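Each ligand, and each atom within it, is numbered from 1 in the order the structure gives. Fair warning: this is a prediction, and the values are worked out from it, not measured in the lab.
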Amino acid sequence: MSGAASPIRSTESVRNTIVAIDGPAGAGKSTLARHLARHFGLLNLESGAMYRAFALKALRAAVPLDESGALEHLTTETTIRLEPGDEENRVLLDGEDVTGFLRNPSVTDAASRVSVFPAIRTWMVGLQQKLGAQGGIVMEGRDIGTVVFPDAPVKIFLDAAPEVRGQRRFEQLGLSNSAYELQPGSGTPSDRPMSPAREEILRELRARDERDRNRADSPLRPAPDAVLLDSTGMTLEEAVRAAIAIVAARLAPS
Ligand code: DC
């Protein structure tokens with residue numbers, strides 16, 4: 001990815017900064033976060049991966065996903081660690097590398113369900129604040145700019161129309177080489193998963209949107225000081241370029 005060169009790239013303000021990226025499922029946050037982290041020399045931390053790891057634990061332990069108390073108890077016997085990697089974080093659940101399990105549709109659905117409970121969110125927010133306490137990070141999720149790091153100097157709210165997000169997700173899971181393919185070059189057609197029906201993906205995405213936006217505890221919303229970036233009509237390159245410009249402008253000495 002060729003990004004615009006940033007004149008403030010190696011200054012102290014960049015090294016210690018926190019870039020918060022929030023937005024709905026399928027907006028392209030992970031890809032954007034990865035490119036921004038690479039461009040500015042920051043650590044990329046995916047908070048959604050932590051919710052996914054906990055959801056996997058709940059599924060394995062056969063804890064009902066609507067039982068807040070039982071889920072809360074499960075947190076007391078769970079450790080989750082993120083190890084930053086080039087492409088994505090390695091996620092360690094109780095010491096086991098579970099990265100390969102986290103995109104499974106049942107885990108995706110379970111993560112969306114367990115994340116509505118305040119006790120789970122409080123626990124996660126604490127873990128995430130500890131992870132990012134030193135700064136020098138890009139963290140993406142749903143509540144990073146509003147709850148986890150409300151004082152983050154740079155906040156981006158990345159959005160796109162639901163149909164566009166659904167289409168991108170469809171192409172990501174399928175065989176397409178869309179301009180906005182989220183993981184370019186990942187795997188060959190024969191080792192990629194079968195593409196589920198477009199309608200099913202869109203339905204699932206809308207259900208997750210609904211939960212994210214309407215839960216009582218820290219619903220998905222842009223922080224008042226977030227810069228809105230709507231990538232509906234953008235290619236990946238354009239969205240990354242726009243995000244780099246936003247970060248550079250926020251960090252530029254005034
Ligand atoms: O970003 P993702 O799709 O990997 O997130 C998985 C789920 O976790 C998603 O359904 C919403 C939830 N989540 C959240 O509630 N807060 C975050 N900061 C990150 C993710």
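- Regarding atom 19 (C) of ligand 1, its nearest protein heavy-atom neighbour is Ser47 OG, 3.3 Å.
- Geometrically, ligand 1 and Arg121 share a nitrogen or oxygen pair separated by less than 3.5 Å.
- Considering both main-chain and side-chain atoms, Asp212 never comes within under 3.5 Å of ligand 1 through any nitrogen or oxygen pair.
- At the shortest separation from atom 7 (C) of ligand 1 among protein heavy atoms lies Ala111 CB, 3.8 Å.
- Remark: minimum distance from atom 8 (O) of ligand 1 to any protein heavy atom is reached at Tyr51 CB, 3.4 Å.
- For the atom pair Asp159 CG and Thr232 OG1, the distance stands at 7.0 Å (nearest 0.5 Å).
- For atom 1 (O) of ligand 1, the nearest protein heavy atom (residue, atom name, distance) is Arg142 NH1, 2.8 Å.
- Contact detail for Gly95 and Thr79: the closest heavy-atom pair is N-OG1, 4.3 Å.
- The two atoms that bring Ala239 and Met234 nearest to each other are CA-SD, 3.7 Å, heavy atoms only.
- Judged by distance alone, with hydrogens and angles left aside, the side-chain atoms of Asn89 form a donor-acceptor pair with the main-chain N or O of Glu46 at under 3.5 Å.
- Set against the non-hydrogen atoms of Gly48, the atoms of ligand 1 under 4.0 Å away are 1 (O), 2 (P), 4 (O), 5 (O), 6 (C), 19 (C), 20 (C).
- Near Ser115, meaning under 4.0 Å from one of its heavy atoms, ligand 1 places the atoms 11 (C), 12 (C), 15 (O).
- Side-chain contact between Leu229 and Leu32 is present, with heavy atoms from C-beta onward closer than 4.5 Å.
- For Arg208, every heavy-atom contact with ligand 1 shorter than 4.0 Å involves the side chain, none the backbone.
- Distance CZ/Phe117 to CG/Asp66: 6.0 Å, rounded to 0.5 Å.
- For ligand 1 and Arg52, the ligand atoms under 4.0 Å from any heavy atom of the residue are 2 (P), 3 (O), 4 (O), 6 (C).
- Heavy-atom proximity to atom 10 (O) of ligand 1, evaluated over Ala55, Ser112, Ala110, Pro219, is greatest for Ser112.
- In this structure, Arg215 has a heavy atom closer than 4.0 Å to ligand 1.
- The side-chain tip of Arg142 does not point at the ring of Tyr51 from less than 6.0 angstrom away and within 45° of straight on.
- At a threshold of 4.5 Å between non-hydrogen side-chain atoms, the residues Arg60 and Val98 count as touching.
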